[in-house]
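Here the structure is laid out as structure tokens; the discussion comes afterwards.
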Amino acid sequence: MKTIILSFFSILFSTGIYAQYGVIAQPELAVMYLGYDNFIVPMISDETASVSVTGGTCTASSRTVNGIQYKGYLVRPTSGVSFVTLALSGKSKNGTVKNYGQFKYKVKPFPMPQLENYTISKSIGSKLTVGLGADSPLDASFEVLGGSITIGDEEFLFNGNNVPASALQKAEIDLNIAIYLNYKRTGSEGVSIIQGVVKVVE
């Protein structure tokens, strides 16, 4: 899975010479997700960066992305808040501390995953998985706890992520059937439900 890296860029300077670097921001994409460890990387040239958080918790952490290790923080928004504000500061080698401003992020619910199966085998059954899709930058995994399938007017329950062939005896080949899944995201609390449709194959 991929990792979100949110980087802060500052105006770099040296004695007597000032070099300014422009950054184009996308404020509407400044988002953090509830119930999720949002990974951020503060970056200030020649200084040790630090971050303080209002509206959430902040824990030092590191991650390796594409073979490169990044040192940063895991920011987890507090339940009930609409925004998280990060205050960025830097400490130079001689001990001077400078504040680089505050950065505000909207807090949104974590995206709902989708059923990744399009078909289900009548002869051997199928293991079901859910995910956010290959295009999602979020680092998340999910466990399917069980659910039900509906064939005609009948509902068949199953446990875990496997729908047994015995539950599909009355299903016709090429029939589309509704399926409900109970799932849990790793690191989150509580169980959620999603609905999908799968096609019965041999």
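Bear in mind the structure is a predicted one, so any value in this text is a computation, not a measurement.
Note on residues 169-201: pairs passing ring-ring contact (aromatic ring centres under 6.0 Å, His included), not counting sequence neighbours, are Phe142-Tyr183. For the salt bridge (Lys or Arg N to Asp or Glu O under 4.0 Å) condition, the pairs that include at least one residue of residues 140-165, sequence neighbours left out, are Glu154-Lys170.
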Going through the distances and angles, do Leu128 and Ile179 end up as a side-chain contact (heavy atoms from CB on, under 4.5 Å)?
CA-CA 10 Å; Leu128 303 177; Ile179 186 166; 3.1 Å; yes
Go through the steps to decide whether Tyr105 and Asn38 satisfy the test side-chain contact (heavy atoms from CB on, under 4.5 Å), and finish with yes or no.
CA-CA 11 Å; Tyr105 292 80; Asn38 301 271; over 6 Å; no
Show the numbers, then the answer: is there a side-chain contact (heavy atoms from CB on, under 4.5 Å) between Met32 and Ile40?
CA-CA 10 Å; Met32 290 196 177; Ile40 61 102; 3.7 Å; yes
Checking Leu88 against Leu86 for the side-chain contact (heavy atoms from CB on, under 4.5 Å) test, could you report, in this order, the C-alpha distance in whole Å, the side-chain angles of both residues, the deciding distance, and whether it holds?
CA-CA 6 Å; Leu88 175 65; Leu86 308 183; over 6 Å; no
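At least one side-chain heavy atom of Leu132 sits under 4.5 Å from a side-chain heavy atom of Pro113. For the pair Thr59 and Asp37, the minimum side-chain heavy-atom distance is 4.5 Å or more. In this structure the side chain of Ile177 never reaches within 4.5 angstrom of the side chain of Thr150, judged on heavy atoms.
In this structure, Arg185 has no side-chain hydrogen bond (donor to acceptor under 3.5 Å, both in side chains) partners at least two apart in sequence or on a different chain. By the side-chain contact (heavy atoms from CB on, under 4.5 Å) test, Ser62 is found to be paired with Gln69, Lys71, residues two or more places apart in sequence or in another chain being considered. Thr96 meets the side-chain hydrogen bond (donor to acceptor under 3.5 Å, both in side chains) test with Asn94; sequence neighbours excluded. The side-chain hydrogen bond (donor to acceptor under 3.5 Å, both in side chains) test applied to Ser79 returns no partner, not counting sequence neighbours. Taking the side-chain contact (heavy atoms from CB on, under 4.5 Å) definition, one finds that Asn99 meets it with Ser89, sequence neighbours left out. Applying the ring pair (Phe, Tyr, Trp, His ring centres under 6.0 Å) rule to Phe156 yields no partners; only residues at least two apart in sequence or on another chain are considered. Take Ser166 and apply the side-chain contact (heavy atoms from CB on, under 4.5 Å) test, not counting sequence neighbours, and it matches Pro164, Gln169. With sequence neighbours excluded, the residues satisfying side-chain contact (heavy atoms from CB on, under 4.5 Å) with Asn176 are Val197, Lys199.
Leu157 forms part of no hydrophobic cluster, judged by ILVMFWY side-chain heavy-atom separations under 4.5 Å.
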Got a list of side-chain donor-acceptor pairs under 3.5 Å for residues 116-126, not counting sequence neighbours?
from, atom 1, to, atom 2, distance (Å)
Glu116, OE1, Thr129, OG1, 2.9
Asn117, OD1, Thr129, N, 2.9
Asn117, ND2, Lys127, O, 2.9
Ser121, OG, Ser123, N, 3.4
Ser121, OG, Ser123, OG, 3.2
Ser121, OG, Ile124, N, 3.3
Ser121, OG, Glu202, O, 3.1
Lys122, NZ, Ala171, O, 2.8
Ser126, OG, Ser121, N, 3.0

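Leu34 and Pro109 make their closest contact through CB-CA, 4.5 Å (heavy atoms, listed as atom of the first residue, atom of the second, distance). Between Leu74 and Phe39, the shortest heavy-atom contact is CD2-CD1, 3.8 Å. Between Gly55 and Val81, the shortest heavy-atom distance links the atoms O-CG2, 3.6 Å. Minimum interatomic distance between Pro77 and Val84 (heavy atoms only, all atoms of both residues): CB-CG2, 3.8 Å. When all heavy atoms of Thr85 and Lys104 are compared, the closest pair comes out as OG1-CG, 4.1 Å. Shown here for Ala49 and Tyr73, the closest heavy-atom pair between the two residues is O-OH, 3.6 Å.
There is no path of hydrophobic side-chain contacts, each under 4.5 Å, that joins Val163 to Leu145. Taken together through direct or relayed side-chain contacts under 4.5 Å among Ile, Leu, Val, Met, Phe, Trp and Tyr, Met112 and Val130 form part of one hydrophobic cluster. Under the 4.5 Å side-chain contact rule for hydrophobic residues, Leu175 and Val198 share a cluster. Under the 4.5 Å side-chain heavy-atom criterion for grouping Ile, Leu, Val, Met, Phe, Trp and Tyr, Ile193 is not connected to Leu115 through any hydrophobic cluster. Grouping the Ile, Leu, Val, Met, Phe, Trp and Tyr side chains by contacts below 4.5 angstrom, directly or via other members, places Phe110 with Val31.
For Glu189, the CD atom counts as loosely surrounded, since its 6.0 Å shell holds 12 or fewer non-hydrogen atoms of other residues, nucleotides or ligands.
Using a distance-only test at 3.5 Å, with no hydrogens or angles considered, a donor-acceptor pair links the side chain of Tyr36 to the main chain of Asp139.
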